[in-house]
Every structure is written in structure tokens, then in C-alpha cells.
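Below: the structure, in C-alpha cells.
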Number of protein chains: 2
Amino acid sequence: MSKPKPQILKGFRDFLPRQMLLRQRVLGIIRDVFEKHGFEPIETPTIEYLEILTGKAGENEKLMYQFEDQGERAVGLRYDLTVPLARFVAMHQNDLVMPFKRYHIAPVWRADKPQRGRFREFWQCDADIVGSASMLADAEAIAVMAEALAAIGLVNAEILINHRALLQSLGHLAGMRDEQAGTLFRSIDKLDKIGPGAVTRELIETGVSEDAASRVLELISASGSADELLDQAGRDLAGVTGAEKPLRDLRELMDYLVDLGVPENAYRLDFSLARGLDYYTGPVFEAVVKEPKIGSVGGAGRYDGLVGTFLGRDIPATGMSLGIERILEVIQQFDLLESPPSVAQAFMVSLPKTLADAGHLARELREQGLRVDLSVLSNRSLGEQLKYADRRGIPLAIIPGEDEIARGKVSIKDLKTGEQVECDLTVLAEELRRLLNGPVETTPVAGDSMGQAG
Amino acid sequence: MSKPKPQILKGFRDFLPRQMLLRQRVLGIIRDVFEKHGFEPIETPTIEYLEILTGKAGENEKLMYQFEDQGERAVGLRYDLTVPLARFVAMHQNDLVMPFKRYHIAPVWRADKPQRGRFREFWQCDADIVGSASMLADAEAIAVMAEALAAIGLVNAEILINHRALLQSLGHLAGMRDEQAGTLFRSIDKLDKIGPGAVTRELIETGVSEDAASRVLELISASGSADELLDQAGRDLAGVTGAEKPLRDLRELMDYLVDLGVPENAYRLDFSLARGLDYYTGPVFEAVVKEPKIGSVGGAGRYDGLVGTFLGRDIPATGMSLGIERILEVIQQFDLLESPPSVAQAFMVSLPKTLADAGHLARELREQGLRVDLSVLSNRSLGEQLKYADRRGIPLAIIPGEDEIARGKVSIKDLKTGEQVECDLTVLAEELRRLLNGPVETTPVAGDSMGQAG
């Protein structure tokens, strides 16, 4: 049999240790923020009945990985984490306490055309609150999102906030029927890119009166505090069908965000936010990072119609989803989080005559919380072993020389500077920690787990 | 469109928060042990070219989830983590430092008949050392396995050790050709179940002489220290083709295990271990838990032929794999690890008049490391909110009463005992910690991450 060429499918990725350490760290930080807020973890199957998955995907159905399994069932790989949540809530409603706060960090698959930053297998980090219609739940989703973004170093992220029904009212203001809303939303969404003049022209081309178009433009390009914006919208949309509820919602939401202590610069009302509205029914939000220029790193909003799909009744729900892949690229590119090259903090050299000492010493150091790689190269020279450790990026090497061990000591070598010191065995762990906290980087490589809090 | 029935495929599972918290904790502990030993994390794609995946599976190929993707490529879901490792090493050999120590904790898929404890989607925890032929690497794999099993509470686990080539020598002792070895291994493997008499009869039925059969039986059922067993094998197999190398390997391995300080009762030489030998070439090991009666919870060994498959040359490799699903069932059944019912440690009641205080207080407590769920039920009564928190299993509730807040205080209610105390805001975090460490359980719900060690 000829050997197949070692390769992977386009749009899929291997992660080498260094990349993986950063991924684990970022996912750990996000998980920690979710758990700090009391969101509970769940997991669902990778493969589900196709009819379950296609519930909401609509035009995206062709991007779903689907096939017949060995039992000739039509199945697919999950496309997002929201449809599985709806199915989960329907199946386990008797075991869940409502409002149900859950988070789900897991890969999803889309047979999309691969391109820079877009993959066929990628992870999503979702946190949702199911069973609450309160704007306090939306505020909590935004609070969690802001906190997660800040925790992973994206301190300039800004969460833009709008309301699905307010956009629809804008359509009414422009004299459009609800069915034409899509056109309006697409034009509005381009405001940042093409400017107010071009958007106005687009609107007029689709039949909006000049006067109405300019009133829409005035509102979506207005700037000011949330209060000022909501006052202006109140005036502009006075008497327009369906405008009262979204304005009331947004006022409440803005008040709650202040109550929750979300930093003022972390969010902003933006009536021109009109993207990805598919199934949203209330407030919508999108996290944008302008510096460094990344664009959208996640979004979400309220979707009161979806979770109840399988139950045949509406269940209010709101939440947020972070697109971790784009975030990770930026963190790597701009070095926003330190990432050690190796998981090990110290390399224990294996010398034939002191191997038992080395083995027991490594064990004791691990029991004291240090990550110690015991060399398997006992048949190589000291120099070769040190070179190996350095190539792996391990910062410190412990050399248990025979004479030193006899005197209750070992040598510690800093593999970056080449400096070597002798250290008493009784204080070895402390000395290693001191050296790791010194010039050598000692950033945690995985996210702090919540386990430490109790 | 009619609503599809909410259901999942047989052999697949949803994990509710409480199960998920235990899974995360166990996987976190195992990950921590791997990292403490310097094994580096990697990740590989879920979906790979089918020709890559079928390299080794052999008769198991029919159990592989396979399909044609949108580009009409024959693809499959990974069946284990070892074949992807071989492909990974071949593709990234220039970026890896050999010996390469990697761990991989991830799901795999098998279209197997679902039955108790056997699933179509399940997680594996693998740690391997690629590029070292030293028995020290095998000893390290056993050390890591023993430590992981002890860390998750399976303190009675015993790792049985044998050697593939020693079993082959037993075949030679019995006068069998190498092609007949499979029959021999299957008989030997039944020793525990059917006893020495029945095994002897089976061997004789397959053409082994009575004398040879009794010599095989004597050796595989021998008990004693590693030294005694190896001495006996040395005598019994003197002059038998291929017996020298495995005996030398095992002597070395046993010495290394002592050097590494692996507890004596954590492993045992067992010449009757003859399971799942497919691609092993050296020492083989299997972790068995007798009390509680679980049977095999993982295994592995040396496989010098596999990793090099895609490179057309042998690359020595050894490692271990833990079958996490069976372990988790047992941990749950026998309550080996505490698992909190809720991720949140405290529930912050939302009262309309003190909502801003509640929000800011929750934020401060989280910054101090506590997991605080802010109630989204601000429109419900205090009693209803407390009932909700209790149903979720959150141990403590914080009640920010208007009068109390005015005096710089809040109430803390223990939702299990019903006891309520007033607490000064300046010492709230400390008081919550004290209460959590008291009668209320405060076990970490996720595994301790390595991040803490630096």
C-alpha cells in the first residue's frame, strides 16, 4: 500500500503547542468570566439529526456538513450553538431551572469557502439567558461580553447597541413596508463604509422620499449620549408605528448597564447597527474593535422566537457569542497576551548516576505546583540535553550533578542567559519560582480556572 | 413546516451543567498532570481525508464516520488520536523538537453499536512521547498515567505491564509460528476469566504440546516481585528466540519506575496481559480498577512502527490513553469527586431600589475571585428569587436590603440551612469565603489549571 500524503483539508487547522497554549489561555479566560457570572456549562453532540439542525439555518443550509450515517439517517455537524440550545431546552425543560443561564464553548462546522480568518472548523463561545424577558438579562449579556473582551486584552473593544424593532420603525418612518426592511437595513449598515450621502441616494433610489431619507439619515448618524440619542429618536419617531417599545427597552437597557457597572466606554448606542438580524426580536449588539483594526469580534441580541421552536411556543432568550478565531489572530499579531513557548517551567536533566534523585526531585517539585519536564535523554551528554531543553523553550534546567547531590544541592541553569547557580535542595522550589518570576517570563499558560476562587 | 421532534442520535449525549462541571473538573485534573510533566497540548482537525484516517484502523474501518464533503472529497471523523498524531508529526517535523512530548484531549467518533458505557462520540486523553526509544520514556508514560488516575480519585488503579515481544516468545516456547500468535494471545488474555485449566485445554486444542502448554501457563500465572518474575521468565525462556530483548526492556523499565518514584502498588508486571496488541512493538500497559469494579480504564504502550507511517521510516513512540467516559461514570456512581450543583457560589438578589448597589457589589466580588450570579428576576419578590437560587443549587444568597445598604451592610443567607447573617460590606468577600469553606461545599468545580503554578 502506498503511503498517503500527509495533509489536512483546506479550512481546517492543526495547532502546534505554542498556538494551543494561547488558545487554551484565551478560552480559559473567557470560560472564567462566564462562570464568574454564574453561567453554567453544557455540551451537546457534534452530530445531530439534520432536521433538527436545519430549523433556522435557512439559506445557510448548503454550508452545513451533512451526510447519511451507518443507519441511513440524515445527519449533520452542528452549524452553530444556538439551534442545539433550542433543542436542548426542549428536551430537558423539566431538568432546567428557568431562567437558565448557560455557556457553551465548542467547535462548529461550516462548509464555507475558506479564506483569511474564515475556517470550516472554528470555535464559538456563547453565553445565553433563556427564559427571561427582562432587559436586565440583555444588560447581563452585554456586561459579560465587555468583561470577556477586556480580560483577554481587547481593552478598546466597543459594544454597539441597537434594537431590531427600532430599525423596523425607521422603515415605517421612511414609508417602507416591513417586507422592504431588508433593503433599508443593508443600506443603513453601509453608513460607515460609504458615508451618509451615498446611503441617502440609495434610499431615494429604492423609492424613499427625499424628506424621509434625510430624516432617517439624521437619526442613524446622530451622535451624543444615550439619553440625547433616545430623546432625539423619541422626537423623530413620535407617532411612528412600533417605535415606543424599542425606545422603552433601550432606555431600560442603558439604565441597567449603568447599574451593573459596565464601563461607559465599553458600549454605545448606535442606530446604524443593522447586521445579521436574522432571528433577533429585541436589542441587538455587536462588539467591534477599531484599534487594532479587527472589526466585529462577536455579537448577539434578543431572540424570543427561536428557543421555543421545538416546543411550539415563544421562550424569551438573549445572549452573546464571541468569534474566538478572529480574536486569537489579533492577539497573536499584536502580542496582546504573553504566550510561553513551552508548557514546562523547568527541565530536569537525567544523568545515569543520579537518575533516582532526579526522578524523585521532579516528583516533589510537581507536588509543589511546578511544571517539570524530566529528560528522557539519559543516554545523551549534559550539553545535548541542555540544548534540547533550550530548543523547546523551557526557561530553566536543573542539573543534579553527582557531587552536588552528595552535598544536598543541584545547579540551576537559566537557558536564556546561560547563568548557572547552585541551589540547596531544601529551597529548590522557592528558588525556581524566584527565577521564573524574575527576568524569565512566568505568565500562566492556561486561563485561570474558576477552581481557585472558593 | 411541522416542528421536528427534539431528540438526539443514539450513542450521543447532552451534558447538563452538573455533569459538565464534573467532566470539566476531571479533564482539568488530567490536563494538569500532563502539563506538570511537560507534555505540550496540540489539536488536530475533527475531519480529515479518509485515506489518512484509514491508515491503521484495519477491521475498524467500518466503524468510522465517513462521507463525501461538498467538494466530493472522501473524508471522515477522526477515530482515535494516534493516527492524527502520526500525520501531524509527518507534516510538522521541522517545527517539532524531538523527542516530542504531546498531549491531546479531544472527542473521537465511532459508529459502534451503542451500549452501556460505550458511545459514538467520546473523549480520549492521550499523552505520548515521540522520538525516544528509551525505556525511560515508557516509564514516564506509566508515571503520568498512575498520577492522573490517583489525582482523579481512582487510588486503587493498578497498571499491568507486559511486553509484546515477550508474548511472542511465549508463542515460540509453545512451539507456535508467529502467525498463530493471535490465538495464543486470545487464550492467555482469558486467564482471569476462565482460569488456568481452561486456558491449558484451549492451548492443547490448538495443537500446543501438553508440556509446552503447562510451561506457558506456569509463567503467565506466576506471581512475585518484578525481579522474581523476570528471573523466572529468564530461566523459562532461556534460548527461546526473541526473548532476550523484552526481558532486558522490562528490567530497565522496572528500574526506571523505581527511579521516578512511581508508588509500588500503582503497577505490576503481568505476563498474561495480552489485550489490544494491534500495533504495539514493545512494552504494553493497561490500567485496571478492581475496586470499584470497573475493569480497564486506559492503556497503551510502545508503538515504534506507527508514527513514521507517513514518512516511510520507523519513529519510536510510546504513550498512554485514558478512556475518560468509563472513568466519569464510576466517579459519578461512587461519588469519588465532589461536584457542586451550580457554578455560582453566591446569588445576588436584585431589588429595584438597590439594583445599582447589587450590580456594583457583584462586580467587586467577582474581581475578588468569587463567582456571583446576579439575579435577572428584579421584577419578582425576594422569596421567589431565593427559591430560584436554591433550586439552582447556589449555596449562598446576598440580600442588599435598602436599610442595610444605607448602613453599609447586606444580609447573607445560607440557602441550605436557612440561616441569615448581616455582614459589613468591607468584609463581604472574606465572609462569603468563610461560609463557603464551612459546612457548605466549596470544592473547585473545574480542574486546577496550570496557570497557578508560576
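So you know, we letter chains A, B, ... as the sequences are listed, proteins then strands, and number each from 1. Note that this is a predicted model, so its numbers are computed, not measured. Side chains included, hydrogens not; waters and symmetry mates left out as well; all remaining heavy atoms used.
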What pair of heavy atoms forms the shortest contact from A/H37 to B/D373, and how long is it?
-> O-OD2, 3.5 Å
Checking A/F39 against chain B: side chain, backbone, both or neither under 4.5 Å from a heavy atom?
-> backbone
Sort B/M135 into side chain, backbone, both or neither according to what part of it lies under 4.5 angstrom from a heavy atom of chain A.
-> neither
Looking at A/R73, A/E48, A/H92, A/E147, which one has more heavy-atom pairs under 4.5 Å with chain B than the rest?
-> A/H92
Considering only heavy atoms, which portion of B/L77 lies under 4.5 Å from any heavy atom of chain A: side chain, backbone, both, or neither?
-> side chain
Heavy-atom pair count under 4.5 Å with chain B, highest-scoring of A/P41, A/A137, A/A344, A/S350 = A/P41
Can any side-chain N or O of B/E121 pair as donor or acceptor with the backbone N or O of A/T46 at less than 3.5 Å?
-> yes
Establish, from distance only, whether the side-chain atoms of B/T318 and B/D138 form a donor-acceptor pair under 3.5 Å.
-> yes
Is chain B contacted by the side chain of A/R120, its backbone, both, or neither, given a heavy-atom distance below 4.5 Å?
-> side chain
Looking at A/R363 and B/P263, what are the two nearest heavy atoms and their distance?
-> NH2-CD, 3.3 Å
Toward chain B, the part of A/K5 with a non-hydrogen atom under 4.5 Å | backbone
Is a donor on one side and an acceptor on the other found under 3.5 Å between the side chain of B/N437 and the backbone of B/R433?
-> yes
Region of A/M348 in contact with chain B, defined by heavy-atom distances below 4.5 Å = neither
Give a yes or no answer on whether the side chain of B/D112 reaches the backbone of B/P114 with a donor-acceptor pair at less than 3.5 Å.
-> no
So, B/E35 and B/Y103: side-chain donor and acceptor under 3.5 Å apart, yes or no?
-> yes
Considering only heavy atoms, which portion of B/V33 lies under 4.5 Å from any heavy atom of chain A: side chain, backbone, both, or neither?
-> neither
Is chain B contacted by the side chain of A/T44, its backbone, both, or neither, given a heavy-atom distance below 4.5 Å?
-> both
Which atom of A/S342 lies closest to which atom of B/E40, heavy atoms considered | OG-OE2, 2.8 Å
Salt bridge between B/E140 and B/K101, side-chain N to carboxylate O under 4.0 Å?
-> yes
Between B/G359, B/G38, B/P45, B/A111, which shows the greatest number of heavy-atom pairs under 4.5 Å with chain A?
-> B/P45
Verify, without hydrogens or angle tests, whether A/R313 (side chain) and A/G308 (backbone) share a donor-acceptor contact under 3.5 angstrom.
-> no
From the list B/I42, B/I8, B/D14, B/V97, the residue making the most non-hydrogen contacts under 4.5 Å with chain A is B/D14
Verify, without hydrogens or angle tests, whether A/R371 (side chain) and A/A346 (backbone) share a donor-acceptor contact under 3.5 angstrom.
-> no
Counting distance only, does the side-chain N/O of A/Q70 pair as donor-acceptor with the main-chain N or O of B/K62 below 3.5 Å?
-> yes
If you count heavy-atom pairs under 4.5 Å with chain B, which of A/Q19, A/E364, A/H360 comes out on top?
-> A/H360
Taking B/S134, B/A90, B/A358, B/P99 one by one, which has the highest count of heavy-atom pairs under 4.5 Å against chain A?
-> B/P99
Non-hydrogen atoms of chain A under 4.5 Å away: do they reach the side chain of B/A362, the backbone, both or neither?
-> neither
Which bit of A/S375 comes within less than 4.5 Å of chain B, counting heavy atoms only: side chain, backbone, both or neither?
-> backbone
For A/R23, is it the side chain, the backbone, both, or neither that has a heavy atom closer than 4.5 Å to a heavy atom of chain B?
-> neither
Within the distance-only criterion (no hydrogens, no angle test), does the side chain of B/R366 pair as donor or acceptor with the backbone N or O of B/V372 below 3.5 angstrom?
-> yes
Winner by heavy-atom pair count (cut-off under 4.5 Å) against chain A, out of B/D95, B/I47, B/D69 = B/I47
What closest approach, in Å, do A/I105 and A/W123 show between heavy atoms, and which atom pair accounts for it?
-> O-CZ3, 3.7 Å
Relative to chain B, which of A/Y388, A/F12, A/W109 shows the most heavy atom pairs under 4.5 Å?
-> A/Y388
Quick one: which of A/V75, A/L96, A/L136 has the most heavy-atom pairs under 4.5 Å with chain B, could you say?
-> A/L136
Side chain / backbone / both / neither for B/I129 at chain A, heavy atoms under 4.5 Å | side chain
Okay, A/R13 and chain B: the region with an atom under 4.5 Å from a heavy atom over there is backbone
Based on non-hydrogen pairs under 4.5 Å, which of A/Y256, A/F88, A/F347 is most in contact with chain B?
-> A/F88
Region of A/Q7 in contact with chain B, defined by heavy-atom distances below 4.5 Å | both
